[in-house]
Amino acid sequence: MSEMNQLTSINNELSNSLTESSTMSMGVWKRFRRHPGAIFGMIVLSILLVMALAAPLSPYDPEASEMTARYEAPSASHIMGTDALGRDLFTRILYGGRVSLTVGVLVVVLSIFIGVPVGALAGYYGGTVDSVLMRITDAFLSLPSFLVLILLSAILLEVKIPYLEGNSVLTISFVIGVFSWTTFARLVRAAFLGIRETEFVAASRALGGSDMRIMTRHILPNAIGPIIVEATLEFGYAIIEESGLSFLGFGIQPPTPSWGNLLSNAQDYFVKYPWLAIFPGLMIFLSIISINYIGDGLRDAFDPNKVLSKVGEV
Amino acid sequence: MTTYILRRLIQTAGLLFFLSVLLFALVNLAPGGPLSGQGQSRHIDPDKVELLKRQFGLDKPLPTQYLIWLVGNDWMQVDRDGDGVMDGYGTRLGILRGDFGFSFRTRQPVLTEIGQRLPNTIYLTVITILVAILVAIPIGIISAIRQYSAFDISVTTFSFAGQAIPEFWLGLILILVFYAWLKNPFTGDPLLPSGGMTSIDVSGFDLGDRIVHLILPVLTGALGWIAWYSRFLRSSMLDVIHQDYIRTARAKGLSNWSVLTKHGLRNALIPLVTLLALDLPYLFGGAIFVETLFAWPGMARLYYQAALERDYPVLMAVLIIGAASIILSNLLADILYAWLDPRIRYE
């Protein structure tokens, strides 16, 4: 028994020293800070985030119409103008930002929850497990995903399920998430394939570490870099996909504002009232470009060798 | 290589079969639909619905419906007029024999509908790809050989921005600028049309009119790809010009031009060719925003209309064709890669 305990404690120490990554993350942060694009991205995204959080502070109601103030051009009282129902566009954009950013976060969480275990099991066990899981991944990758997203959200629009009714934020995140995990699965599988043959994994196994423990404590922490980079990029794709679906009318339904359906509503009037089209799209553009810059900065920060050979490259 | 291609083709058939079962189940098990009366304001007589269901074969169990969709029903008795009595053999041939059924919406054969739209999508997509490549290649090369120059820095910034602009917003802004704001100085008409493939009042083929209608859709569709390909080509060119064989070529006294084109560009283009093969289905898929924005009568707009009205036969056909083209372009990319780079061998 005491021998078992000893083994466990050695195993604990081993994994602690491996996951003890304060020095590693310090290095990552240092390199990240030196990437001007990434810093620009962090600042812009933080501003957007704070604005979305502060949306209730706006003096205007995002959904109540005011027929005396229709189509007002941007002015001091309505800095982005008003829409066809006299609603303050800036307020609606703030609330729309909540929707878009929430969908982004939920999609990333869901696709990590599906993709990481799939990739980990496939990469760690190999053989039949690997080929079955990877065939399923391939099947998902062979679908024209945006067209399937349209189909799924068109179907769900008519289905009455609690919490998912009428294409809520949850429905749309679920639909996008179910088609976004494949990259994580492939990435994690590749990392596990490489790391499972290393000596520290063999050492942990020799000391009696279980498969679960080896996967979660030894291999996964070493694959965290690519996962974080991919999560950042996925966050951006999710926002684009949600806006696209809402733009086509299959996503978030009015009167709930989202950047995509604001643009969609603008389609009929934007020639006369251009601010209705300019501002919502600008928000999508700003969030995507800052997320891409952050992703780029993270990629370089997690991969110092690449930074050395390609200093300053985008 | 032949064995490899054959094996991949057999895998493709298996994968497509699996996907078709999955999609068919998804589409047909979902509540609602064109005959449910849900989601539409018009009232449909319930007896009429039953009649239509029998005529379309929607009263049969799902596996039977799938079988009919796959191989047709000309070998089984069907209820042609929907009166509940079997009165003759079916006429469906099934998708394996090229029959995708009839559109619920227009009652036209799905293949006819697709046949009318596909050429328009191919026409727009091919021109978009050509423009994207012809612009991206010189940009990528110059920014690689003049690394960190002012040109390079502005190009890399542009390509970051270009990849972040959503197509549907770019299209709206372009319409705003070139249709609403800028006017033709001679006639006072909008500088460029905001949609359609041709003007309504133009009969026959008018090249000038065609080109004018292409500018905005192509710009909208191509910008993201220009950004992506120029960025990709830049890094692929940078990889190549740091290789030993480039140094060798320079050492033996070749001119800078022939080093860059014969040894540099040729090798840098290999990954671009395979990338292009992989991107092909996405170029078609991405057309959905361009086609809906500019009222372009293509495949993607057909799909969009079919999704609005739950026209299942059309949706199924487009999805299966889409999946097949993704799988085949993956195969094409692998084959091209081996063909262009003799170091790569498949077993």
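Naming: A, B, ... by sequence-line order, numbering from 1 per chain.
For B:L319, the parts lying under 4.5 angstrom from a heavy atom of chain A are both the backbone and the side chain. For chain A, the nearby parts of B:I165 are the backbone and the side chain; heavy atoms of each come within less than 4.5 Å. Only the side chain of A:F247 comes within less than 4.5 Å of a heavy atom of chain B; its backbone N, CA, C and O stay farther away. With a 4.5 angstrom heavy-atom cutoff, B:L172 touches chain A via backbone and side-chain atoms both. Neither the backbone nor the side chain of B:L170 comes within contact range of chain A; no heavy atoms are under 4.5 Å apart. At a 4.5 Å heavy-atom cutoff, the contact between B:L315 and chain A is made by side-chain atoms alone. Both the backbone and the side chain of A:S243 come within contact range of chain B, with heavy atoms under 4.5 Å apart. Of the atoms belonging to B:F18, it is side-chain heavy atoms, and not backbone ones, that fall under 4.5 Å from chain A.
B:S149 places a side-chain N or O within 3.5 Å of a backbone atom of B:D152 that can act as its donor or acceptor partner. Under the 3.5 Å distance criterion, the side-chain polar atoms of A:E242 are left unmatched by any main-chain donor or acceptor of A:S100.
At a threshold of 4.5 Å between non-hydrogen side-chain atoms, the residues B:M316 and B:F24 count as touching.
Judged as a side chain to side chain contact (heavy atoms under 4.5 Å, CB included), and not counting sequence neighbours, the contacts of B:A144 are B:R234, B:M237, B:L238.
Between the side chains of A:S153 and A:N167, no donor-acceptor pair is found at a separation under 3.5 Å. Side-chain contact of B:S154 with B:T157: a donor-acceptor pair under 3.5 Å is absent, judged by distance alone. A donor atom on one side chain and an acceptor atom on the other are found under 3.5 Å apart for B:R310 and B:Y312. Judged purely by distance below 3.5 Å, without hydrogens or angles, the side chains of B:E291 and B:T121 pair a donor atom with an acceptor atom.
Interface summary for chain B: among A:A154, A:G37, A:G244, the most heavy-atom pairs under 4.5 angstrom belong to A:G244. Ranked by heavy-atom pairs under 4.5 Å with chain A, the list B:L176, B:I320, B:I327 is led by B:L176. Most heavy-atom pairs under 4.5 Å with chain B, from the set A:I240, A:L151, A:I150: that is A:L151. Contact count against chain A (heavy-atom pairs under 4.5 Å) is highest for B:A323 among B:A323, B:A324, B:S325.
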For residues 137-147 of chain A, please give each side-chain donor-acceptor pair under 3.5 Å, one per line with the distance, not counting sequence neighbours.
unit_1	atom_1	unit_2	atom_2	d
A:T137	OG1	A:L133	O	2.8
A:D138	OD1	A:R186	NH2	3.0
A:D138	OD2	A:R135	NE	3.4
A:D138	OD2	A:R135	NH2	3.2
A:S142	OG	A:D138	O	2.6

Mind listing the side-chain donor-acceptor pairs of residues 276-292 of chain A below 3.5 Å, one per line with the distance, residues two or more places apart or on another chain?
unit_1	atom_1	unit_2	atom_2	d
A:S287	OG	A:M283	O	3.0
A:S287	OG	A:I284	O	3.0
A:S290	OG	A:L286	O	2.7
A:S290	OG	A:S287	O	3.1

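Ion pairing between A:R31 and A:D300 fails under the 4.0 Å rule for side-chain N and carboxylate O.
Residues of residues 251-261 of chain A never come within less than 4.5 angstrom of chain B, heavy atom to heavy atom.
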